[in-house]
Structure formats: C-alpha cells, structure tokens
Protein chains: 2
Amino acid sequence: MQRGKSHVSLKDIAREIGVSISTVSRALNNHPDISPEVTRKVQKLAAELNYTPNPLAMGLLKQATRMIGVIVPDLVTHFYSSIISGIEDIAEQKGYYILIASSNETLQKEIKAVENLMKTRVEGLIVCLSQETKNYEHFDRLINNNIPLVFFDRVCRTGEVPSVVVDNVDAAQKITKHFYKNGFRRIAYIAGPDHLNISQERTQGYISGLKSCGLGFHPELLVKCNLSSKDAIKATAQLLNLPERPDAIFGINDTVAFAAMKEIKRQGFRIPEDVALVGFTDEFHSTVVDPALTSITHPTFEIGQEAARLFFRCVENPEAKATQVILNTKLVIRKSSVK
Amino acid sequence: MQRGKSHVSLKDIAREIGVSISTVSRALNNHPDISPEVTRKVQKLAAELNYTPNPLAMGLLKQATRMIGVIVPDLVTHFYSSIISGIEDIAEQKGYYILIASSNETLQKEIKAVENLMKTRVEGLIVCLSQETKNYEHFDRLINNNIPLVFFDRVCRTGEVPSVVVDNVDAAQKITKHFYKNGFRRIAYIAGPDHLNISQERTQGYISGLKSCGLGFHPELLVKCNLSSKDAIKATAQLLNLPERPDAIFGINDTVAFAAMKEIKRQGFRIPEDVALVGFTDEFHSTVVDPALTSITHPTFEIGQEAARLFFRCVENPEAKATQVILNTKLVIRKSSVK
DNA sequence: TTGAAAGCGCTAACAT
DNA sequence: ATGTTAGCGCTTTCAA
C-alpha cells in the first residue's frame, strides 16, 4: 500500500462492487432506498477494508471540523493538564478532537494561538487567559463572528461569553477563617496581577474573611506577583522581611504556593510553626511536598468537563445566552497550616 | 457575519475583484504570469479580508493534513508535558499542528488512540508506549503502510522505527556508583514491567553498576511495580520490610520516586540518614520535595525536539532507514542521597 | 432502487 | 495574462 493512498475511499468501494459512489454513500448511511442486498455488501466490504470517512472531505462539505481549540497559560502544570483531560472526556463523547495551544502566559502568544487555531478551522475555542491579558480584542473578533467561545478559571467578557469558574471569594474566605481558627493572626496573601478575575476575587475574599474574623486589613500583608516562581519568591521574601513578620501566608496558586514554601524554608523558618502556609492548588502535589500543603483544591477535571459542555451548548444553540458555571472548591487541611 | 461563513474564500475575493478564482490563487502565490497590478490588488484585498487558505481544502487536495498525532501514557506528568512542548516547538516551525492523545497507560486506550488519530488523517504518529504494551500489531499496521512513526522513551521495533531514548544503562550505573561513593552498600532498585525497554536497560545498568563497584547483586533488592503510585508504595514497603533493609533506593521514574519518598517518610525513616533515595525524573519536582531529590534528569524538551525532527525526516524521506537518537542524562545531586 | 451532477475550497494542467 | 476544467472525498438534490 502506498503513502497517501493508505486510506480507502467511497470510490474504491464503489469500483470494487460495481455501483456508483452515491450508492455506496447511501448504503453506508443506511439510506432506506438502497436494496438490503447492496447495503449488506457495501457495509461488509467497507468493514473489511477498514473504511473511515475522510474528515477533511466531511469538514469541507459540512463546514464543521469537529475540532475544538484549547488555549492554556501553560502545559506543564497539573492544573491545566487535568482540566484538559476533562475537556477531552466530553469532547470524545461527542466525536470531537481538541487542538491544544499554550500561551506561555504571554498576550502575544495568546493572540498568535487564537489566530493559528482559527486558521485550522477549529469550530471554536475554550480558553484560560494568559496572565498578561487585559486587552480582549482578539476574543471580541470571535464574539462578533458568533464563534463558539468558552472561558475557564481566568475569564473576561462574562456577559457575552459562557465561563466556568470556582467560587474564589468563598475559597479565600475559607482560608482566612481556617488560619484564624488555628490561631494565626497576621495573615498575608500573595496575589496575582490586578486585572485577573481570580486575583481580584481572591483578594476580595481575603479581605472580607479578615473582617468577619474581626481582624484588620494590613496593606503590607497583601503583596502581588506575576505568577512566576521567581517573582513569587521575591514576594515571599518581601513578606518575611517585614518588621512584623506574618505568621501565615496563602498563595494565589500552585506555582506561588510552592515557591513560597521553598523561600520560607530557605530562610530557615519552620512550617507551620513559624509561618503557616496554604496553597491554592489541585490535589496532586500537595501531598508530595513537606510538610504536606493545606490547600484549596480545584475540581479540575470537572472544570474541564463543564467548559466542554458549555462549548457544545454554544455549538448546538448559537443563540443561547452566556451563562457562568460556578464550581465549589474544598479546603483540604494538612500539616502546613496546623500547629 | 454568519456562522459557517466566517472565513473568506478565494471565491469571495474573485467575485469582489472581478477575476477568476484561479487568477486569485495564482496572485496569492506570486505566480509570475499574473500582472503586477492584479497581483497587488488581490493581495491587498486578501489581507484586508483576513484571508487564510482553508486547510481542509488543502489537505484534501494535497493529501497532507500537516497534523501529527502524539500519544503519551499520561498528560499530567511534567515529563510528558515537557516533551510535548519540545515536539510542538519543532512542529510549529514546520507549520504543523499536533493532536495529543493519552493512552492512560493502557494498551486498549493506546490502540484506540492510534485508530482515532489515523481517522483524523494525521500524517503520522509520535508515540511513547503505554506500560501495558507488549503487543505491537497496531503499530505494525502503520509500519507496513509506511506511515511516519517515531517512538520516544519507551520504544519498540527499533530496527524499523526511528526513536529517541536516553542512555538508560549509563544512567542507572551513575546512580549505583553515586550511592556507592557516598557509602551506601545495600542498594535497592524499584523497576517497572519487564517488557519495557526502559525497565530492562535500567535494570542492566543497575546490575553492572553494582558489579563495577564490587558489590554483589541481591535479587531481593530488585523489586518490580507497575509504575502506579499505589504499586510503587507497595514495592517500597516490601523493600523496607526486608530483614536486612536497603540503605539506598532508586526508583525507575517520577511517580515511583515520589511514592517511595512518601512511604519511606510514612514509615518514619529519615532520608538520607536511614534510607537514601534517588529518582529518575526531570528537573521540575525534584526541588519541591523535602529533602530535595537527587535524580537523573532527562532532557525532556530536547527529547521532544529530536522526536519531531526524526518525524520530519520520515515525512521528507520515507525511504530513510530508522535511526535511534540517544541523549544523555545528568545526575543532579541533592540532599536525598548524601549523608 | 440507483446514478449523475453539483458543490464545499483549492491547485494545476490545459486551454485561450 | 487569464480563464476553464478536473479532481481531492463526500453528501445531496435531481433525474431516471
């Protein structure tokens, strides 16, 4: 068998059996007009020859590629990998494939990824914004063309675009209260860039959590970083060097939490005796580190599944109005935050 | 703009300018026959309308989809994510996209993944075998049809299929010798399934390493597991419960190394004082755990790049004979193995 | 019950 | 210098 001809087409089957291409097509689709005998013969041969319809031809004809583009800030974080698995799970059930691209946390690569994926004629996009993204023109173009689009975790344009998020305010409150209950009073928070919804919401939960515990908000205990390991270490150092050191820190996400852990240890502080730590992360790594990290765990697989479900709702009903699915997080208490 | 008509075609441009479709095609491809004026006009309009050639149409015509299928045992391990980034890096330069599938370490899903990817008409496959795979029929079908195929890390059919691996024998020897140099004498090894090349080769390196240190090989110090966390914990427990406990352990890969670390700690042993530990892993996690894990680091990104390069060699020259690229690993010494 | 023809978007051989 | 035609694989109207 030759390269480029390794796939059987309707033509091959038609020639072999001695009927027209259209008859073969109908037979394979169980069209009632075709005689049972021909249908049987065609289907038998097709099975033998391992016929599968050419998706390029179908795509061209139906103007539907059955492909979804997925853009994530990075591929090497368990958080995104796991969400992707969730998307894949639902997509597979619908006979769709996903094309994965990484923005590497930069706006420039995100724009490029949108362009490239649209070039390949994906039917739409499922996206988690890069940390740099505060300009949404590249998405507005999709919105205006009514191309299916779903955001998850880091979202924007929530009025027009369906999205999946977790209840960040609640999560951050849970953390603050947990610290309080365990005797910590100088609770610090390492946030991310202001324009990200996750950062804003968690900040809001942090502050309202402090209030409801009767603690004041001390601006010096809220530091920001750009979500990179390096910057998170700097932020942690800044906190540890305060005249009045915090006795508890929580980080906005995985990367930040682990970086904070490294820096706290490096400076010779004990966790949780000197500084308690809580992360915002998924289940995987929290138990590998030492001490095991108390953290808000995300239902990552479900986030992916929900995002995919919203996506197919868009595909099937382009007029439907944008909804937001809010999932709950869980505070899993481990050693890093209990004296 | 309507759904399903959000992409401009040659026809649209042709109609607008009042020339034929082929003229437009030629103009866009800078065909010398076309008058400079028409060429200019066409290219200008194409740019304005954001024309991009329809890859489905091109794929149909050229019988080349510019897509590569990639199958990995799982998506949530940094090792594979990082390799995928490497593949993507080269693929992007060549204008190819990759379609990622996970076998979830099962043969059944691997077969399914091969089938599905072939159905989408990827031009070929880059694969790391699932841990269950010892039957290669699903790949033989590709080989016989001369469909581009490259294996990495866990490989088979190396005579016929190009592959990228690391020097596993050497790596395992390095570990054994490192243990010896640091005063450890009862060196244990947690291997994987026998049929996997990586397991065989590392076992071989382990044994020859022992020999070259003048240590005997004690069969009870070589245990096997199926590469799952759970099984690796069992294997570790088995080692720790030996009448004569090993004073050093190395695990065949990331998952195993981390599981071993957990179990050693859980049983109350100190690392490295009671039991030293070395992992076979990539750089990312080794420094997050405590104590930091000495390990053989894989050049993951390069593995991906090399695999992609081999793939394109197949595409460009289908007759070329299968070569194997062997990359070197590095032993990075951290606290877990030095008393 | 079946076949012929058109068309999805594109290129290339073959006219003109 | 440009247009026409055929064909990549498939479905679907229209004809028979």
Main-chain N/O of [Y] paired to [X] side chain as donor or acceptor, under 3.5 Å:
X       : Y       : answer
T23(A)  : V19(A)  : no
E123(A) : R66(A)  : yes
T106(B) : K109(B) : yes

Look at the side-chain N and O atoms of [X] and state whether any lies under 4.0 Å from the OP1 or OP2 oxygen of [N].
X      : N       : result
Q63(B) : dG9(D)  : yes
K11(A) : dC10(D) : no
T23(B) : dG3(D)  : yes
N29(A) : dT11(D) : yes
S22(A) : dT2(C)  : no

Subject >> Pairwise 5' ranking along DNA chain D for T39(B) and S25(A), keeping only the more 5' one >> reply: T39(B)

Subject >> Carboxylate-amine/guanidinium contact E316(B) K94(B), below 4.0 Å >> reply: yes

**OP:** Would you classify D33(A) as touching base, sugar-phosphate or nothing, given that sugar-phosphate means primed atoms plus P, OP1 and OP2, and contacts are heavy atoms under 4.0 Å?
**Re:** base

Within this structure, what is the [atom1]-to-[atom2] distance between [X] and [N], rounded to whole angstrom?
X      : N       : atom1 : atom2 : answer
I17(A) : dT2(C)  : CD1   : P     : 11 Å
L28(A) : dT12(D) : CG    : C1'   : 15 Å
D12(A) : dG9(D)  : CG    : P     : 8 Å
H7(A)  : dC8(D)  : NE2   : C1'   : 14 Å
R15(A) : dG7(D)  : CZ    : P     : 14 Å
R40(B) : dA1(D)  : CZ    : C1'   : 16 Å
K62(B) : dA12(C) : NZ    : P     : 5 Å
K41(B) : dT2(D)  : NZ    : C1'   : 13 Å

Subject >> T39(A) vs N30(A), side chain to side chain contact (heavy atoms under 4.5 Å, CB included): CA-CA, chis, key distance, verdict >> reply: CA-CA 7 Å; T39(A) 300; N30(A) 288 308; 4.0 Å; yes

Original post:
Any donor-acceptor pair under 3.5 Å between the side chain of R26(B) and the base of dG3(D)?
Top reply: yes

Subject >> Donor-acceptor pair under 3.5 Å, S35(B) side chain vs dT2(D) base >> reply: no

Subject >> Residue whose nearest DNA chain C nucleotide is more 5′ - A57(A) or G18(A) >> reply: G18(A)

**OP:** On DNA chain C, check which nucleotide each of L61(A) and I21(B) is closest to and give me the residue with the more 5' one.
**Re:** L61(A)

Original post:
Of the candidate nucleotides dT2(D), dA4(C), dT11(C), which contains the atom at the shortest distance from the side chain of V38(B)?
Top reply: dT2(D)

